[in-house]
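Note: hydrogens, waters and symmetry copies are ignored here, and every other heavy atom, side chains too, is used.
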Amino acid sequence: MRFSLSGTYLRDHLSACWPVHRLALAFVSSLACSSMASADELKPAAAADPYIAVGGFYLVPDDKRDVNFGLGVDAAYGWQWTDPLWLEVHASSATLDRSKNMGTDFYLYGAGINLQYAFGNRDELTPYLLAGAGASYNDVVPSRIDGWNHFIDAGAGLTKNLLGFENLRWRVEAQVIYDNFMGGLLDYRVSAGLEFSLQKKRPAPEPQVREVVREVVKEVVREVPVPTPVTVVKDVDSDGDGVIDSRDKCPDTPKGAKVDGDGCVIEQTLTFHDVTFETNSARLTMNGRRLLDSMVAFLRSEPGVTAVVEGHTDNRGSDGYNLKLSQARAESVRAYLIEEGIGAKRLEARGFGKRRPMASNDTDAGREANRRVEFVLRKAQ
């Protein structure tokens with residue numbers, strides 16, 4: 001397709017579509033500033049959490065189209081380019097109503113690509129900005145002016161996980177669209193639809209099982225001239241803290257905790273990597289509650305110990321989002337311990353977000369290690 005633009009044509013059309021150009025340029029400029037601050041973040045990355053979106057829209061057409069309104073449907077395929085940027089290819093079809101007195105309706109078809117800047121995780125309530133371009137086909141009366149044209153668009157949207165389903169989200173958008181048909185038209189569009197995530201559900205972590213070994217020597221009775229049969233039971237270390245049960249004054253020590261000679265914990269920080277929560281939520285899973293039961297038993301057995309519950313995340317997402325999520329998760333753990341009978345005055349909750357990594361966030365293993373709950377144990381004075 002070849003276009004020939006004179007100076008007058010270009011000046012008139014830039015003036016007609018300046019509002020949408022200004023919005024699109026402002027959006028692209030903000031992305032460019034982010035790129036200068038961290039160029040490596042804009043390198044293409046492997047697609048993550050791709051999705052298919054379908055929906056409907058209402059079109060407020062330019063007055064020069066001589067139609068009342070438009071109704072249409074669209075479909076899209078999107079994928080993450082690099083956090084927080086997403087790419088989306090889309091296609092749409094719309095009917096432009098001319099009312100019964102004006103004759104046959106007009107039809108509008110389009111396809112294009114948009115760049116999205118998402119302010120957070122798409123499963124949480126996430127606003128985003130978009131800008132893009134594409135081609136449109138206007139099917140009108142008279143047919144001699146039918147043909148392909150180009151368009152640019154800009155707008156904003158909102159998306160969120162729907163009813164707790166892991167792979168389903170709703171979304172709404174508002175856009176302004178410049179179509180160069182008939183010398184330049186400015187349309188407005190609002191849409192609503194669903195996103196279907198194509199990422200496979202991640203398996204739940206294997207529950208940790210504390211092994212308790214009790215070694216027993218069975219009673220052996222032989223028909224020999226001895227006074228009485230003898231039963232021998234070898235003492236064991238039930239909680240695995242290195243102090244045998246007969247000398248252990250604190251028998252419910254959490255696995256991996258450091259203890260003194262009596263088997264009671266000393267002041268330290270205990271790390272739990274497998275306390276799990278629902279996706280992008282502070283609600284504990286059933287498996288997470290089971291793992292915390294060992295802390296419940298320990299705190300019951302040592303009433304002189306206080307604990308600060310600390311929540312930590314990896315570096316995905318903004319500082320504000322991660323800080324809020326880690327604080328909510330720490331408070332959720334504290335609430336569960338209180339619910340199980342631990343005194344509220346013995347517990348404190350703090351969230352640190354991604355500020356205190358214990359491993360590199362450049363690998364999946366490192367990010368998994370950084371998503372953790374820690375208990376800072378102190379002896380009450």
Side-chain angles (χ1 to χ4, degrees), residues 3 5 9-36 42 51 53-65 67 69-94 96 108-120 122 125-138 148-160 169-193 195:
F3 299 96
L5 303 179
Y9 177 92
L10 182 60
R11 182 174 60 254
D12 292 345
H13 285 75
L14 285 176
S15 175
C17 66
W18 174 244
V20 68
H21 281 168
R22 182 168 54 186
L23 181 58
L25 288 173
F27 176 60
V28 173
S29 297
S30 69
L31 296 184
C33 292
S34 299
S35 300
M36 294 174 64
L42 294 182
Y51 62 85
V54 294
F57 61 84
Y58 180 87
L59 190 73
V60 180
D62 191 294
D63 290 341
K64 288 193 291 185
R65 286 192 183 275
V67 296
F69 62 88
L71 293 175
V73 294
D74 59 5
Y77 175 81
W79 68 97
Q80 187 179 46
W81 180 31
T82 181
D83 189 19
L85 301 179
W86 295 71
L87 289 172
E88 185 176 284
V89 293
H90 59 90
S92 64
S93 173
L96 307 182
L108 177 63
Y109 310 98
I113 184 167
N114 282 334
L115 177 67
Q116 296 182 0
Y117 185 101
F119 295 89
R122 296 184 79 92
L125 186 61
T126 303
Y128 58 89
L129 299 177
L130 63 91
S136 62
Y137 186 85
N138 287 269
W148 287 97
N149 307 276
H150 67 269
F151 69 85
I152 58 175
D153 65 334
L158 201 62
T159 184
K160 187 182 185 302
R169 297 184 289 267
W170 59 261
R171 67 188 243 173
V172 293
E173 286 183 353
Q175 295 168 260
V176 57
I177 305 170
Y178 172 76
D179 188 338
N180 76 324
F181 179 62
M182 295 177 59
L185 303 174
L186 204 61
D187 301 323
Y188 300 89
R189 187 174 110 169
V190 290
S191 60
E195 289 184 5

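One distance of note links CZ of F151 with CD1 of I177; it measures 6.5 Å at 0.5 Å rounding. Distance check: N114 CG to L87 CG gives 9.5 Å after rounding to the nearest 0.5 Å. Residue L115 holds its CG atom at 7.0 Å from CH2 of W81, rounded to the nearest 0.5 Å. Note that the OH atom of Y178 and the CG atom of N149 stand 9.5 Å from one another [nearest 0.5 Å]. With rounding to the nearest 0.5 Å, the separation of CG in L108 from CZ in F181 is 9.0 Å. For the atom pair OH (Y188) and CG (L59), the distance works out to 11.5 Å, reported to the nearest 0.5 Å.
Under the rule for a side chain to side chain donor-acceptor pair (under 3.5 Å), the partners of N138 that lie at least two apart in sequence or sit in another chain are R65, D179. D62 pairs by the salt bridge (Lys or Arg N to Asp or Glu O under 4.0 Å) definition with nothing, not counting sequence neighbours.
In plain terms, the two heavy atoms of A174 and V190 that are nearest each other are CB-CG1, 4.3 Å. When all heavy atoms are compared, the tightest approach of F57 to S92 is CE2-CB, 4.0 Å. Considering all non-hydrogen atoms of both residues, K160 and L125 come closest at CG-N, 3.7 Å. Here the closest non-hydrogen pair linking A135 and W148 is CB-CE3, 4.1 Å. The two residues A192 and V172 make their nearest non-hydrogen contact at CB-CG1, 4.0 Å. Contact between A53 and E195 at its shortest, heavy atoms only, is CB-CG, 4.0 Å.
The backbone N or O of G184 lies less than 3.5 Å from a partner atom in the side chain of K64, making a donor-acceptor pair.
Looking at Y58 and F69, their side chains come closer than 4.5 Å, going by heavy atoms from C-beta outward. Residues S136 and Y109 form no side-chain contact, since every pair of their non-hydrogen atoms from C-beta on lies 4.5 Å or further apart.
The aromatic rings of W86 and Y51 lie tilted to each other, with the angle between the two planes from 30° to 60°.
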Problem - Worked verdict on Q175 versus L130 for side-chain contact (heavy atoms from CB on, under 4.5 Å) - result: CA-CA 9 Å; Q175 295 168 260; L130 63 91; 3.9 Å; yes

Exercise for the section: Take D74 and H90 through the test side-chain hydrogen bond (donor to acceptor under 3.5 Å, both in side chains) and record every step on the way to the result. Expected result: CA-CA 7 Å; D74 59 5; H90 59 90; over 6 Å; no

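We find that R122 and E88 are not joined by a salt bridge, their nearest charged nitrogen and carboxylate oxygen being 4.0 Å or further apart.
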